[in-house]
Each structure stands twice: as structure tokens, then as C-alpha cells.
Number of protein chains: 2
Amino acid sequence: MQIYIHQTHHTIADFDEIFSYLEKLSKSSDFEGNIHIFPELFLTGYPLQDLCLQRDFINKYHILFTRIKDWWKDLNISSDTALLIGGLDYEFENDLPKSIENVVFELSNKENLKKVYTKQLLPNYDIFDEMKYFKPGSESKIWEFAGKKFGLLICEDMWHSAQYPVDPVKELQELANGQELNGIFNFSASPYNLGKEQTRLNRIAEISKCLNLPFYYVNRVGSEDEIVFDGGSLVHSQGEIKQKALSFTQDIISSPVEEASTVSNCEIPIIEAHSWESLFAPRLETRKEGTRLKELTDKDCEEILHALNIGIQDYTRKCGMNNFLVALSGGMDSALVIALLRLFLKEGQTIEAVYMPGQFSATLSWEISMKICKTLGIKLTTLPIKFLHSSVKNEFNQNFEAMEGLADENIQSRLRGALIYARSNQSGAMVLNTSNKSELSVGYSTLYGDSVGAISVLGDLYKSEVYTLARYINKKYNDIIPEEVITRPASAELRENQEDQHSLPPYEILDTILEGHLSYRYSKEDLIEMKLPQEDVAKTLRLCNISEYKRKQFCPIIKLKAKSFGFGRRMPICKKN
Amino acid sequence: MQIYIHQTHHTIADFDEIFSYLEKLSKSSDFEGNIHIFPELFLTGYPLQDLCLQRDFINKYHILFTRIKDWWKDLNISSDTALLIGGLDYEFENDLPKSIENVVFELSNKENLKKVYTKQLLPNYDIFDEMKYFKPGSESKIWEFAGKKFGLLICEDMWHSAQYPVDPVKELQELANGQELNGIFNFSASPYNLGKEQTRLNRIAEISKCLNLPFYYVNRVGSEDEIVFDGGSLVHSQGEIKQKALSFTQDIISSPVEEASTVSNCEIPIIEAHSWESLFAPRLETRKEGTRLKELTDKDCEEILHALNIGIQDYTRKCGMNNFLVALSGGMDSALVIALLRLFLKEGQTIEAVYMPGQFSATLSWEISMKICKTLGIKLTTLPIKFLHSSVKNEFNQNFEAMEGLADENIQSRLRGALIYARSNQSGAMVLNTSNKSELSVGYSTLYGDSVGAISVLGDLYKSEVYTLARYINKKYNDIIPEEVITRPASAELRENQEDQHSLPPYEILDTILEGHLSYRYSKEDLIEMKLPQEDVAKTLRLCNISEYKRKQFCPIIKLKAKSFGFGRRMPICKKN
């Protein structure tokens, strides 16, 4: 008997596809005689947010439920075959739902979609809102099947920390009390962030070792709006990884059921929660002591490429689109975005680039745009905005007053926003946003201008990380990004001789301040203590505070870090700064 | 001895203003010999979201805390003077915060900012996320002062329903157990929605009557981003309202402390939670059986005017702006917005209107825009987009292909978006968004086009309600809105003979479908059962589902209803529809 781990992805609420997966599995030669485990909420998708409250969704989900039951009844399965599947369990009262549990169902020749376990720890920090929707379980479960016994955990259940009243791992240990078990299952839908896989692996190894049991971990894979699931399902036993699924792609792994062993009485290792932040977002690293933002390693860059690939491709596919459109400026961010798209491009997909020079665009910008498109084999169209820009200026001169300063800068950016979307409407291609996390933080982008786009590719990477990633790509892929774009000073080119570094701290300082403020919630005083220049700290925090309104209207950002803009960071626009 | 109810508003984290309020109060003749009660989280503002986790905020809050303590120590107050003030109580461990409670502090000649009670019921549905941030209290409290006794409740504590494990009102009753009390205090920060005041009043009357005690209710007033607080503080005793503060403005009311009376042993009335929705958003009305959206009454319209006034004015002031800018189209929505602004205008503020006719703008649109601006005394500038539009078309013809269909419609809207923001950058006036809830629901607006704006005025009113409100205003304010704009068919004027009603169900049908779907989460089947046309239902729900991405990038909407777009409705963009 083997344990099959199904690392799957389906679009949220795509109940036909979900059913098809099970049906197809039942026809495979690996089906009978084995135990098959599936990710958390396999039957619905995750995160559902308010969708799980909508009656249309609930009705369709229950049609799936009945469909599976009817199908299973007729299958006549052997007594040594079972499926453990994550799904929702609705309790009804007078035909109206009363509560929802996040559970695991059993399909076997004894049980037909019987609930066997309810998730006990409901994460409610950062991007998580599970206490809004779900009722927690209150009982641990040792699942017995065909003479084997397994402890069950759903995702967060293995991450007990100070804010939770119970530790489901410890409860399993107590429940086992001298019994022999064959292992632990963890059914997850655990979002990706940089370094998360290692954190997860450490925790799995810790529990597996402590309890002296094999640990079977199954995780969801694929991308949902801003959140990426990286998979990384695995089997850990006797101090080592026995099997590991590929990350960032659907995969199935299997491993034989091992001999049962007595659950050890060890002390379950406690998750360290030193830092202030970690109490509210327990999986974030503890306070950094370094005075500069940690540079991305090659391994980090590789991971980020995978995450961005799946983040972009899943979003595009689910929006029913297939082609990409990028406004090239001759700057670092848009050059990196188009290089990434080229690397991620699938058969049948196209990329189109548009370069929209204005009055202050340097010749170098045009040369860089030409060069990168030539290297990558991408069609580039030049669409100057100078004439439109001067038409607007004339109209304003006549009707209002001379257009100068910020108005004159922003109109260029907004004309570009309008034109790129006109082209998108025409061609049906998706506009990728090119803003980076540094400029989003300090508000150095124009609302409805360069901030437009369906999804943000670089919105969770600081500008210094954008450069690191670009260099990594050039090293790995034969210098596909022109060197000039990496070395030239960053500029929005919206006025004469404009350079970011004339009005902002150097990026390595700026990004360190931002990372401290955003990820670790450091105060001005904390940052000054870290020997960051007082004036830079004050200016950066002020800019960050007053640009909340721009981020409010920003598109979803593919989440790469433990702390990102978007759903996991909720800040009032209006407040005393 | 009197109870003074301070219905206040301060910008979130404006600690100087908050301190000044207390200081000023201490110098007033009403100060000594009385009990003063303040809203929930008076010391910080509400809702704070992640702001309450930021160290800068925490540091500043604790400076206020120390400042109040030092000041109070030196005041030498009489033994019959006390303040009960809502605030946050942080628990620290190793100099790092460990948990946060939402509490009431006492200031008296015995206590100096002593925590006397912690909120027990933490709302976590719809716009509320209190379980994300706060640790609930577990004990009810009878507060004794100068020989008087009062039961304490914070906001949600009086709204026990099925999803909460305890009923703090019942606990107070049990705790009193034969004792005589002088009343109940409820410290609130209770957001406004249409009809909420009556719901609140009913609950207060119910509790006051049942327990046979005076009920002192103090609520926050003012607007925070999308949320309006209406105040409506009151004293309810012996079956009637003894005192009531003005709604939608700061106010102070007072009422003498009554003779103590024995707490009745009555059964605390249960809040009806029949409907499915009410389990997750307990204050929403139960399922509507009507086949058409309920029309706004004159009283509703009056309430909405107050809410929009405070919503717009507070947002504008807190953003550091003072003047308004509206793009008039000659249609109903922008006409209503500008009429509202004119009604709300304060001394020193200005409104400017811009009319941007395009190729398909009717003469009537120009006439209406002229007429309304003349009536309201507002400066109107005409800024045609025809020339820019044809320039863009020429450029596209040369570089891509002929611009037609959706691309040609949207570019007109986006050029207007760019121009109105150019004017805003030039004049420093705030752009008000003019979209209504019906068009937001079905995606009948252009992203970065007519969907631009700092804040949405009508985004929580269906189109049919927009008309009702316009008619109410005309009745009350001498027909300031031209009749032609109310009677002409709605059109985006982005192509020849375009009319909303050619491609959408009639508004009374559309809006009924939307209200059922959005507020009551009705399924297609539920709506068809309500005798709504099957085709209209299918089309409306489909449009609503596929336009989630537009709402994601929309500005804050002033919340007028129990269920609104924005923070209280969280829906994945990508899902199988």
C-alpha cells in the first residue's frame, strides 16, 4: 500500500474540472490498493473569501457533492483504497447555512464523503481571514484505515504559536498515547513567500523527528489573484526527505506506507515568536539586525522566477486572456518585465511592446527599447506622445492656465496609460504593470498613468532587488537585458534631467528603510537606531504614509514576500501622519 | 450629578487634538461633579486596521498615554468627577507588544487611566476585522463610582447573536443579581448605514426596558475613508428617549443620574437571525420578499444627504484638500454629484466643473451642463476631446489598425480621465467620482476613464436610487437639477445612439437583481423564484462576476448600505463563473 500525494490546482469553483480529476484518477492503474491524499479545500479552491457565502456557490458545491457521492456509490472500490480530500462542510438550519467548517472527507468502500476531521487552527493574520468564515474544530483525529493509523492535520494545525489556545500536534501525541501510528498527514493550501519552503521543511522535519513518525505533506499549487501556492509536497521520515514533489507545478508523488511505530513522548518544539510582528504574523522572520536589506541570492532569484511565472500565467489564463502587452520606457522595470515575459512565454502566446516617447525621453531610452525587443524577438511599436502632450498643453493654456510642474509631468504618464489600454482593447492582450515596490511605497508613480495594469509583476520587489534579479537573468540567460539599462540612472523622464536619486535616498538606503517599516513595522526611532540617516528615514516614512491612496487603487501584486502590499496590509488612507 | 455624553470625532492618531479635547473639557464649568463618557477608541480613532500594529503608532499612543496621566495627576479633581474613555490597552513582553485589548479607561481622583472593562464581543464580519487585532475580554463589569453603579458595554457587546459564545448583556444581568444599578453605558464606534439608527434604537429600548435601567449610549461621529459614523448618542429610560444628540455632527448631551433600581430578571430579547446572511453580517435585514427594490423614502434621502456630506467633507479635509472638481457629462450621475457638492459647500471651498464633449456627445448634454452650473453658480469649462480623440485614432491607424468598437469607446473615457486629473494637479482640487452602484456592479464604466476619482459619492446607490435622490433634491431645493437630465435616457455617449437600456435590463429590474445578489447573496434560482426575468438574471450575474477586476482598482466608496462594495465585500477576481 502506497500513499499518493496529489499536488493539484484547479480554478476556484471549477467543479467540473475537480470532478474530472477524481474520475480520471479512478481509472488509473495506481488507484486501487492505495491511499490518496489531496490539498486543503481541494473540492472548492482557496482562498474563497466571501464567495463561500454566496448561495450560487453553495448550490453548485452541493451539486458536486452529490455528483461525487453518486459516482462513488457505483464504483465498487476495494477495501484497501481510500481518498482523503479537503473541502467545506456546511451546517444548515431551516434550509439556510449556519456555519462552515474547513474539513477532510473520506472516500472509501466504507465511507462516502464522510467528514473525518475539522481544521482547528484558523489563521487570521496578514492575508488570512479564516475566522471570518470558518468554525474551528475542537478534536484531534487518528484516522484508522485497513489496519493503518494516521494522525490528521490541516495546514495551520502544525503551526501552533502563542496566539492559539491549543496545539493540534501535541493533541495528536496525547491522543496516540502509546498507540503505534503509521504517520501524520498534513493537508495544506499554504501560500508561497521567499524562503517559505525551507521554513515549512524545518517544521515538518522537527515534528516528524520529535514524534518518530513519517510525515506526509500535501500542498496546493498554482496562483489565485495575488497569492501563489508553490506546492512542495513531500514525505519526510527518519530524518530525511523520502520524496518531494516539484515546486510550482502540478505533481503526484507516492511513498510506501511504513511500519507503524510508537509515538514518542518528546516535547513538541515551540515555534519561536520573539518579535513583535511574529505575534500577528507568526511565519515572518524575526527582527533583522542588519543595517542593509539582505541581497537576493541566486537561489532566491530562481525561486522568484518560478513564482512570477506561475503568478502571471495563471492570472492571464483565468482572466481568459493569452497575450501580453508592455509599455517599455527604456528603464529598468519595464525591461525586466518584458524579459521575464519572454522567459515565461508559452506556445501560442504573444508579447507586444509599445514605446511611447515624450518630450523628455532620452535617445538612450529608445535605443534600449529597440535593443531588448530585438534580442527577445518582440514586436515593438513606437507611439510618440509629444503631439498629444502639446495638444493638451495648448488646450489647457487656452482654457485654464499654463500647464507646468506636476500637472505637466503626470499628463504624460496618463496619456501613456490611456494609449496602452487603447491598444489592449484593440488587441485583447493583457497589460502588465511594471511598478516596483520602492516606488509604490513612496508614491513615485502616477495614478492612472504608469500605475495601470491588470497585474503587477514587480510590485513586491524593491528597486535594488529589481537590479539583482536583472543581473541574475543576464548571467543565466546570456545578457538578454541590455547592460545600459542596468547602469543608467533611474528616471521617470517626465521633466528635464529628472533622476530618482535626486529626490530619493540611494536605493540601498531607501529599500532598507522601507523593508524595516513595512515588514517589521519599525518606527522612525528603530530605523535611526539602525544607523540609517535621520533625514532619509523621515522623508521615506512621510512619503510612504501619504501615498496610501495610490496603493488603494492599484492592481493585484504577485506576492513574493512574507509582507506585501495588497490584501495582507490594510491601512487607513486618512490618518494623522 | 449628570452623565455627559461626548459624541466626538478626531482624525485617527491625531493625539494632540485628542489631548486638547480633554484639556479643554477640564476647564469647562460642566466638568466637575459629573461623569463624562466617550466613544469606543476615543484615544486612537477607529477603525485602525494594521495601523495599531505599527511601532510608530504605538509609541505615539503611549506618549499620549503618559501625557494624560501626568496632566491628570496635577489636576486635583473632586471625588465626584470621572471620565470613562475608550482606548487600546497593549500588553507587552520583553518590550514588544503581545496583545491588544479594546477597553474603557477610568480617570477619576482614585484612578489615573485605569482599565476598567474589555470589549467581549469582537465583530469579525463584513467590514469588521476585530478578531484580527484584538483579544476579547472575558468578564462583565459593574462600575462603581461615588455610590453609583453602572453596567459597562462596548459597542458589539449589546448585539449578542448566534455566532458569539456569550451574551454580555445577560452576564451583566446575572452579575447584578439583586443589586440596584443606576444604568448601563454603551461606548460605541458604530458605522452608519441606512436605517441603522432605528435598529440601534430598537435594541437599546429593548435592553433598557427589559433590565428596567436607564441606557446611556455614546457613539463616534465623522467619516473614515469609506465608513461614516453617524453618532446618534442618546439616553433611553423608562420606555422613552430622554436625550438625543444630533446625528452626523459632534455634539454633547447630558442627563441627570437617576435613582438606582433593581435589575429585572427578564429574558434578554434575542436578536433575530433568521436569514443566511445575518449569520455572517448580523445587522443586515432579513430576506426581502418583495419583487422590486424598496424605493428610498424622503426620510432615507435626507439621511443619505447627511451621510454623503460628512463622508465627502471629512475625506477632503483629512486629505488636506479644500476644493472640488467634477467632470460633467450631461448625465444624471455627474449632475447629482455636482448638486450635492453645491449643497455641502462650506465657506472658503470652491467647485469647478469641466465638460469634455466628444464625437458622440449630444447638444442636450452641453445644455444640461450649462444649465446646472448656471443654477448652482459654478464655473464650467468646456474642454472638447474630439481633437485629441481623432489624433489618437490617426496614430493608431498608422501604427496598428483602425480604432473601432470598445477601444474607440474607452479611449474617449480615458482621455477625459487624464484631462480631469491634469486639471486637478493644476488647481489642487479633489476629483469626485460619479459612478453609481448599478454600473459598478455590471462593469459599465471604463477603468482609468469615468471610474477615476479620489472618492466615490454615488457608488453605494443603485441607478434607480440616484434618480429618486435627484427628485428629492429638486423637491426640497427648488429644482436645482435640470428636469431634462432626469427624464433623458441614460447613455455613456461613447458611440452612436448608445443607451444603457439597449444593453441592460430596465433599472428597476437590474437593481432588484443586484440588491438580491449583493446584499442577500441570492442565487440565480432564488432570483428567478422572485419572478425576475430569467435572461435578465443570467446576464446581470454574469456581468457582475466578470467585472470584479474593475472594482478592485476603484476608489473608496462612501458606505450608505448594510452591504456595500469595498472593504466589506471581498471577492476573488479569478474564479469559475
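Values below: every heavy atom of this structure, side chains too, minus hydrogens, waters and symmetry copies.
- Of the two parts of A:N577, only the backbone, made up of N, CA, C and O, holds a non-hydrogen atom closer than 4.5 Å to a non-hydrogen atom of chain B.
- Listed by first and then second residue, the salt bridge (Lys or Arg N to Asp or Glu O under 4.0 Å) pairs that reach into residues 386-404 of chain A are A:K393-A:D408, A:E401-B:R423, sequence neighbours excluded.
- If you measure heavy-atom distances from A:F15 to chain B, you find no contacts under 4.5 Å at all.
- Of the two parts of A:F554, only the backbone, made up of N, CA, C and O, holds a non-hydrogen atom closer than 4.5 Å to a non-hydrogen atom of chain B.
- Judged by distance alone, the side chains of A:D526 and A:S523 do bring a donor and an acceptor atom under 3.5 Å apart.
- Of the residues considered (B:Q553, B:R569, B:Q398), B:Q553 shows the highest number of contacts with chain A, using heavy-atom pairs under 4.5 Å.
- Ring centers of B:Y133 and B:F128: at least 6.0 Å apart, outside the cut-off.
- The shortest distance between side-chain heavy atoms of A:M430 and A:C319 falls below 4.5 Å.
- Within the 4.5 angstrom heavy-atom criterion, only backbone atoms of A:L48 (N, CA, C, O) approach chain B.
- Side-chain contact between B:C544 and B:L518 is present, with heavy atoms from C-beta onward closer than 4.5 Å.
- Contacts of A:H10 with chain B are absent, with no heavy-atom separation under 4.5 Å from either backbone or side chain.
- When heavy atoms are compared at a cutoff of 4.5 Å, B:N59 approaches chain A solely by way of its side chain, counted from C-beta outward.
- Between A:K575 and B:E224, none of the side-chain N atoms (NZ, or NE/NH1/NH2) sits under 4.0 Å from a carboxylate O, so this pair counts as no salt bridge.
- A salt bridge does not link B:K524 to A:D56: none of the charged side-chain nitrogens sits closer than 4.0 Å to a carboxylate oxygen.
- Per-residue heavy-atom pair counts under 4.5 Å with chain A were compared for B:S427, B:A13, B:S424, and the maximum is reached by B:A13.
- Of the listed residues (B:G453, B:G449, B:S223), the one with the most heavy-atom contacts under 4.5 Å to chain A is B:G453.
- Comment: A:D225 does not engage A:K318 in a salt bridge, judged by the lack of any side-chain N to carboxylate O separation of less than 4.0 angstrom.
- Residue A:D14 touches chain B through both its backbone and its side chain, counting heavy-atom pairs closer than 4.5 Å.
- For the set B:E525, B:E409, B:H517, the entry with the most heavy-atom pairs within less than 4.5 Å of chain A is B:H517.
- With a 4.5 angstrom heavy-atom cutoff, B:E548 does not touch chain A via any of its atoms.
- Residue A:P384 touches chain B through both its backbone and its side chain, counting heavy-atom pairs closer than 4.5 Å.
- Using cut-offs of 30° and 60° for the angle between ring planes, the A:Y90 and A:H62 rings count as perpendicular.
- Highest contact tally toward chain B, considering only A:R570, A:R414, A:Q49, is held by A:R570 [criterion: heavy-atom pairs under 4.5 Å].
- If you measure heavy-atom distances from A:Q412 to chain B, you find no contacts under 4.5 Å at all.
- By the 4.5 Å heavy-atom criterion applied to side chains, B:Y46 and B:I227 are not counted as neighbours.
- Residues A:D50 and A:K132 are not paired through a salt bridge, judged by the lack of any N-O separation under 4.0 Å between the basic side chain and the carboxylate.
- Contact count against chain B (heavy-atom pairs under 4.5 Å) is highest for A:C574 among A:C574, A:A418, A:G417.
- When A:D314, A:L447, A:L388, A:V354 are compared by the number of non-hydrogen pairs under 4.5 Å with chain B, A:L388 comes out ahead.
- Considering only heavy-atom pairs separated by less than 4.5 Å from chain A, the leading option among B:Y549, B:Y315, B:F57, B:F92 is B:Y315.
- Proximity to chain B is limited to the side chain of A:K60, based on heavy atoms less than 4.5 angstrom apart.
- Note: B:L419 leads B:I385, B:L541, B:L419 in heavy-atom pairs under 4.5 Å with chain A.
- Using the six-membered ring where Trp is involved, B:Y448 and A:Y448 have ring planes that are tilted, between 30° and 60° apart.
- The contact between A:T382 and chain B is made entirely by backbone atoms, counting heavy-atom distances below 4.5 Å.
- Looking at residues two or more places apart in sequence or on another chain, you find a side-chain contact (heavy atoms from CB on, under 4.5 Å) between A:K552 and A:I573, B:E226, B:P556.
- Contacts of B:L383 with chain A are made by both backbone and side-chain atoms, with heavy-atom separations under 4.5 Å.
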